[in-house]
Peer 1: 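Here it is, the structure, as structure tokens.
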Amino acid sequence: MKQVFQDARSAEITVAEVPSPKLLPGCVLVRTAASLVSAGTERASSEFASKNLLQKARMRPDLVREVVSKISRDGLLATVSAVRSRLDQPAALGYSSAGTVVAVGEGVAGLDPGDRVACAGSGHAVHAELACIPRMLVARIPSAKVSFDEAAFTTVGAVALHGVRNADIKLGEVVAVIGLGLLGQLTVQILKAAGCVVLGMDISKERVDLALRLGADAASTSSSGFQDLCLQQSAGHGADSILITAQTASNDPVNLAGAVARNRAVVVAVGTVAMDIPRRLFYDKELDFRVSRSYGPGRYDAAYEQKGIDYPIGYVRWTETRNMEAFLKLAADRKLDLLSLITHRFPIARARSAYDLITGRTHESFLGVLITYPDFVVETPSVQLAKQNEAAANPASICLGLLGAGNFAVSTLLPAIKRVGGVEIIAANAANGSHARHAAEKFGFSSCTTHEQEILDNPSINTVVIATRHHLHARQVIAALKAGKHVFCEKPLCLNEAELEQIVAVLSDRSGGDEAGKSHASASRLLMVGFNRRFAPMAARMKSFLQEVSEPLAIHYRVNAGFLAADHWLNDPQQGGGRILGEVCHFVDFLCFLTNSSPVEVETRSLPNPGRYSNDNIVCSLRFANGSQGTISYLANGDKSFSKERIEVFGGGTVAVLEDLRRLELIRGGKQRVLRSLLRQDKGHAGEWEAFVAAIRTGAQSPIPLREVVTTTLATFALEESRSAGKPVVIRELRRNVDALDTPEASGFDQAS
């Protein structure tokens with residue numbers, strides 16, 4: 001299918017062939033008929049992308065500060081690589097569309113294939129022939145009288161409607177609208193439908209004339225004339241409410257709003273304008289200044305938009321979905337003239353012309369700009385980019401398929417794999433077709449797909465990399481092993497003990513049933529988990545230095561992890577499992593690596609939560625079978641500009657301190673040695689792949705013995721249980737059926753637990 005993208009470096013618009021999106025639970029798959037190009041939001045995005053790095057830095061000093069902090073922590077080269085990776089990711093454009101439902105995902109109620117719908121949401125209602133849309137961002141078109149072209153205005157219409165609601169406008173009030181672009185024209189019509197006296201202002205006479213045709217009671221192209229209109233229409237009092245729907249970096253609209261307002265009026269910023277409030281003017285009139293956020297309650301709330309958890313209508317009457325439905329009802333009742341707002345239509349193949357128009361390259365006036373789509377679209381779950389080789393005859397060859405093409409895979413994992421070399425890149429998979437295509441093009445995959453089964457069934461692929469969200473890991477690991485593939489799974493391996501035991505059963509060839517043959521094949525395959533820190537060069541030097549210590553170690557691992565919003569997917573118990581399962585597992589593995597022993601008892605204590613954090617300020621204590629003791633202080637309440645990780649090890653008259661995997665102090669017998677890596681922080685991602693590739697080629701066992709992976713995973717589960725229960729947890733109590741993993745591959749690791 002075709003989709004519109006923008007290059008983050010050059011602002012170039014392209015129309016690319018990408019795999020059709022995968023239908024996700026809680027979503028509907030929509031065949032797009034029309035989508036609206038936003039002259040405000042999308043033009044601003046295009047203009048920002050077209051600026052050079054210095055200009056972008058001046059506009060976003062917050063991002064500059066993040067880059068400077070990252071350089072101090074991770075090194076110049078690592079930071080440059082990360083910035084380049086972000087800039088390489090093309091942006092999917094669009095957020096307001098209409099079309100026909102072609103499939104309904106699990107858990108969706110109230111919609112059926114064939115329904116005509118309006119769709120919303122950046123990253124969802126994109127300019128593409130097919131789109132996967134969360135249920136709460138979809139509204140059924142109530143009447144055949146509303147065309148797809150008209151319904152494509154629904155998202156922007158909901159923005160206008162929410163702005164009107166924020167002003168708390170009453171029947172018969174005098175309302176001023178400053179800015180008569182698309183958002184302003186919709187606002188004018190909604191206000192007239194609400195029975196208001198509507199006054200408009202714009203510097204464009206063409207737009208003023210259009211507003212008058214669409215129902216404005218009066219309008220002006222000058223500030224002084226507009227002030228006169230507001231006084232005339234309000235018996236000299238001034239406007240009751242002022243809606244600023246302009247798009248400008250100037251503060252003039254806010255100043256004008258204060259000038260035309262009556263005492264104690266409401267001013268609402270709906271468009272993107274400067275908001276330097278002139279205190280004297282707003283104080284003298286005791287004006288109420290409000291900011292209208294997007295299309296209504298529910299916007300930016302992951303529980304609402306992604307999980308479909310609605311707000312009770314008795315408490316939140318007008319959510320973003322209900323605003324969309326109300327706008328469509330106004331259109332169906334012919335209270336809105338939307339067709340008069342359309343100035344241009346472009347087929348998707350010519351989408352670039354639409355952006356030439358809104359960015360002023362064609363020097364042509366415009367208002368409503370639509371992208372149109374063919375009536376019939378064939379789903380294309382995969383796209384071939386290059387000729388794919390047949391399965392390698394040599395079983396030691398590494399022929400790779402990727403599941404998950406998110407930021408970590410693209411910015412960290414795949415570059416490490418490419419640096420190692422000797423791996424044939426076959427196919428990339430992601431639920432989002434644009435992500436799959438980007439990863440495939442950037443790293444040289446032969447094809448990209450949104451159907452993971454194509455990776456598992458491909459005989460040319462013998463190694464699967466899993467970099468999806470955490471809740472998918474266990475299922476995908478089991479499926480890949482049963483398909484006879486080597487598996488590299490980014491941490492964590494799984495989110496609960498039941499999943500862990502299922503994985504162990506497959507690796508132990510105990511699945512039985514019709515899958516017995518396949519599971520037997522899986523027994524000869526390697527499972528590797530992405531505990532990369534033990535493969536970092538500085539970590540290896542530290543471990544080598546500590547080998548001479550024959551007594552138990554005392555280790556403190558401090559992690560300045562940084563704040564993560566409560567609604568981030570990692571904090572979702574179902575998707576991410578929380579930061580203990582999703583991230584602390586890294587540091588548990590590293591302690592096991594340094595002590596060469598397994599934890600037998602753990603305890604987690606949390607800092608009191610003032611409501612900002614998500615159980616991610618914790619101090620973990622681990623007691624090891626060989627007598628070593630470890631603590632992990634994992635903290636979200638620090639300053640991210642400070643170093644992220646510091647490991648201190650004491651034992652046998654020896655001290656070793658590793659800071660951010662870049663600076664290593666080794667102290668023994670009164671002598672100190674300091675090793676530094678100045679330009680790049682090496683966290684071991686390339687090292688773990690070198691070890692994994694070597695194991696596949698030589699037929700050796702996994703670089704991290706399976707028993708260590710299981711022990712680390714169980715210890716992490718125990719840490720989460722201890723945090724919840726408020727008491728220590730003995731690992732032995734969680735072992736049950738996994739004790740059978742005392743295999744020869746566990747050699748060198750303490751098995752006393």
Side-chain angles (χ1 to χ4, degrees), residues 19-25 106 379-386 388-393 395-406 409 413-414 417 423-433 435-437 439-440 443 445-490 492-495 499-500 502-530 692-693 696 702:
S20 304
K22 179 181 179 181
L23 178 60
L24 301 174
E106 178 186 348
E379 288 191 52
T380 52
S382 63
V383 173
Q384 199 73 23
L385 301 177
Q388 183 171 305
N389 296 330
E390 296 298 323
S397 298
I398 294 91
C399 302
L400 187 146
L402 173 70
L403 298 180
L413 198 53
L414 289 173
I417 294 172
V423 177
E424 186 176 348
I425 306 294
I426 304 295
N429 161 264
N432 184 310
H435 289 174
R437 169 115 194 183
F443 295 99
F445 285 89
S446 301
S447 66
C448 54
T449 177
T450 52
H451 287 200
E452 67 180 58
Q453 199 60 42
E454 292 194 17
I455 303 290
L456 301 175
D457 292 342
N458 190 332
S460 298
I461 293 172
N462 67 1
T463 304
V464 173
V465 173
I466 297 173
T468 52
R469 291 192 174 183
H470 300 167
H471 67 298
L472 301 174
H473 286 189
R475 177 182 61 78
Q476 292 174 336
V477 165
I478 291 170
L481 289 171
K482 287 185 175 181
K485 317 289 188 185
H486 301 296
V487 177
F488 177 95
C489 180
E490 188 43 49
L493 177 60
C494 55
L495 293 182
E499 291 179 341
L500 180 60
Q502 291 172 23
I503 294 170
V504 169
V506 173
L507 288 166
S508 303
D509 197 17
R510 293 183 308 197
S511 58
D514 294 336
E515 296 292 328
K518 288 186 178 181
S519 68
H520 178 72
S522 75
S524 64
R525 297 307 187 186
L526 297 185
L527 171 62
M528 174 79 165
V529 178
F692 186 48
V693 167
I696 293 174
S702 180

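Here, residue 1 is the first one in the sequence, and each next residue gets the next number.
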Peer 1: How many angstroms lie between CD1 in Ile425 and CD1 in Ile417, if you round to the nearest 0.5 Å?
Peer 2: 6.0 Å
Peer 1: For Phe692 and Phe488, take the angle between the two ring planes, folded into 0 to 90°, and tell me which bin it lands in: parallel under 30, tilted 30 to 60, perpendicular over 60.
Peer 2: tilted
Peer 1: Tell me, please, which residues at least two apart from Gln502 pass side-chain hydrogen bond (donor to acceptor under 3.5 Å, both in side chains).
Peer 2: none
Peer 1: List in chain and number order the residues that pass side-chain contact (heavy atoms from CB on, under 4.5 Å) with Ala474, two or more places apart in sequence or in another chain; answer none if no residue qualifies.
Peer 2: Cys494, Glu499, Ile503
Peer 1: According to the salt bridge (Lys or Arg N to Asp or Glu O under 4.0 Å) rule, which pairs have a member within residues 464-479, sequence neighbours left out?
Peer 2: Glu452-Arg475
Peer 1: Go through the structure and list residues passing side-chain hydrogen bond (donor to acceptor under 3.5 Å, both in side chains) with Glu490, not counting sequence neighbours.
Peer 2: none
Peer 1: Rounded to the nearest 0.5 Å, what separation is found between the CD atom of Gln476 and the CD1 atom of Ile455?
Peer 2: 10.5 Å
Peer 1: Enumerate the residue pairs fulfilling ring pair (Phe, Tyr, Trp, His ring centres under 6.0 Å) with a member in residues 445-467, sequence neighbours excluded, ordered by first and then second residue.
Peer 2: none
Peer 1: Applying side-chain contact (heavy atoms from CB on, under 4.5 Å) to Lys482 and Val506, what does each step give before you reach the verdict?
Peer 2: CA-CA 7 Å; Lys482 287 185 175 181; Val506 173; 3.8 Å; yes
Peer 1: Return the set of residues passing side-chain contact (heavy atoms from CB on, under 4.5 Å) with His470 (not counting sequence neighbours), or none when no residue passes.
Peer 2: His473, Pro492, Leu495, Trp569, Leu570
Peer 1: How far does CG of Leu456 sit from CD1 of Ile461, to the nearest 0.5 angstrom?
Peer 2: 8.5 Å
Peer 1: Nearest 0.5 angstrom please: Leu403 CG to Thr449 OG1, how far?
Peer 2: 10.0 Å
Peer 1: Taking side-chain contact (heavy atoms from CB on, under 4.5 Å) as the definition, give me every residue that meets it alongside Ala409, ordered by chain and number, with sequence neighbours left out.
Peer 2: Ala467
